[in-house]
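What follows is a short report on a single structure.
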Amino acid sequence: MAELMVRDGTWTFDGDAVRIVPGRERGVHKLRQDLGEFTVPLAALAGIALEPGRKGGRLRLRLREGADPLLQVTGGGLPDEANPYRLTVDAGRVEVAEYFVDTVRQALMLEQIPDGPADRYLLPGPSVPLSAAGVDGVATFDGERVHLEWRWNTSETKRDWGPRNFPLGALEAVEWRAAAGLESGYLRFRPRGATERLKPEHDPNSIELWGFKKESGTTALLAAAVAARLPHPSAGGGKALPAAAPAAPLTSAAPLAPAVPQASAAPAEDHDALLRRLRELGELHRDGILTEEEFTATKAAVLRRFHTGG
């Protein structure tokens with residue numbers, strides 16, 4: 001167990017996941033506070049680093065591409081202070097942060113977590129229901145349907161369309177872009193089969209965004225919540241994949257015995273073979289084939305070989 005508590009928030013690592021709790025003090029970005037507490041499974045991580053600063057540093061998690069719907073839908077458009085995977089470390093807590101980094105890195109090595117793209121969302125996305133306001137409209141999402149309501153200052157084009165409703169099954173994608181220079185940002189819902197792309201101020205499927213203010217942060221969370229329930233980009237247009245789907249329960253018919261790697265029956269292995277064994281165990285555990293008790297016992301046996309050389 002490793003834990004880092006600073007004014008910016010608290011990160012805890014239990015060997016399987018990083019639990020992130022944002023700080024509530026003034027100066028912590030509203031997006032992070034609205035997102036609230038959440039857990040990042042080890043399988044979603046590609047790396048971790050402590051970046052030195054003048055007065056302490058910054059702890060930063062690097063996630064696998066496609067693992068998190070929030071990062072996927074915002075495409076790197078979140079400003080640093082709104083990034084939930086960044087933690088400002090006070091000068092007096094740098095040593096604790098270094099220990100935290102070492103602990104997570106060791107777990108990534110032992111579990112042999114791949115750092116390549118994920119083929120499904122490994123985080124569930126923000127909680128719903130959510131409501132988010134842009135310049136010319138308000139979007140709400142209850143987990144099954146998106147509703148757009150226009151404000152008094154919306155364009156005539158949008159007003160002519162009236163309020164908009166999109167069941168999830170009618171949507172192909174959701175897009176979010178922060179404003180850049182004189183170009184407006186937008187929260188856009190793309191219906192299936194739609195090909196026309198209008199400017200945000202005239203698009204009846206979009207809410208216009210200016211700058212990155214409190215409202216824009218909430219629209220990013222809403223976009224992520226919708227994205228988490230749509231097909232993953234790696235799904236190739238197939239059925240929607242579950243976000244952070246729980247492991248399937250083990251049934252009495254499951255062929256448990258042949259699937260469990262028997263560490264005690266193996267001959268002396270080199271470190272590479274043992275690391276492969278640990279990775280296999282992790283996959284069996286995540287897939288629900290191994291129970292928590294079976295995984296812990298078998299992993300301990302492999303780690304004993306890892307430390308004793310067989």
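Heavy atoms only: backbone and side chains are in, while hydrogens, waters and symmetry mates are out.
Scanning for salt bridge (Lys or Arg N to Asp or Glu O under 4.0 Å) contacts around Asp68 gives an empty result, with sequence neighbours left out. Listed by chain and residue number, Glu51, Arg58, Asp80, Asn83, Arg86 satisfy the side chain to side chain contact (heavy atoms under 4.5 Å, CB included) test with Arg60 (two or more places apart in sequence, or in another chain).
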Could you walk me through whether Leu63 and Leu123 pass the side chain to side chain contact (heavy atoms under 4.5 Å, CB included) test, one step at a time? CA-CA 11 Å; Leu63 270 65; Leu123 282 86; 4.1 Å; yes
Do Leu59 and Val6 pass the side chain to side chain contact (heavy atoms under 4.5 Å, CB included) test, and can you show the C-alpha distance, the side-chain angles, and the key distance before you say yes or no? CA-CA 11 Å; Leu59 196 60; Val6 293; over 6 Å; no
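The shortest distance between side-chain heavy atoms of Asn205 and Trp161 does not fall below 4.5 Å. Under the 4.5 Å side-chain criterion, counting only non-hydrogen atoms from C-beta, Leu70 is in contact with Pro84. Inter-residue side-chain proximity for Ile48 and Val18 is flagged as unmet; no heavy-atom pair is nearer than 4.5 Å. Between Leu87 and Thr10 there is no side-chain heavy-atom pair separated by less than 4.5 Å.
At least one donor-acceptor pair closer than 3.5 Å links the side chain of Arg151 to the backbone N or O of Gly134.
Taken to the nearest 0.5 Å, the CZ atom of Phe13 stands 5.0 Å off from the CG atom of Leu42.
Taking the six-membered ring where tryptophan is involved, the planes of Trp11 and Phe100 are tilted, since the angle between them lies from 30° to 60°.
The cluster map of Ile, Leu, Val, Met, Phe, Trp and Tyr, joined by side-chain heavy atoms under 4.5 Å apart, puts Leu222 and Tyr186 in different clusters. Grouping the Ile, Leu, Val, Met, Phe, Trp and Tyr side chains by contacts below 4.5 angstrom, directly or via other members, places Val138 apart from Val174.
Checking Arg188, Arg192, Arg190 one by one against Glu172, the salt bridge (Lys or Arg N to Asp or Glu O under 4.0 Å) holds for a single residue, Arg190.
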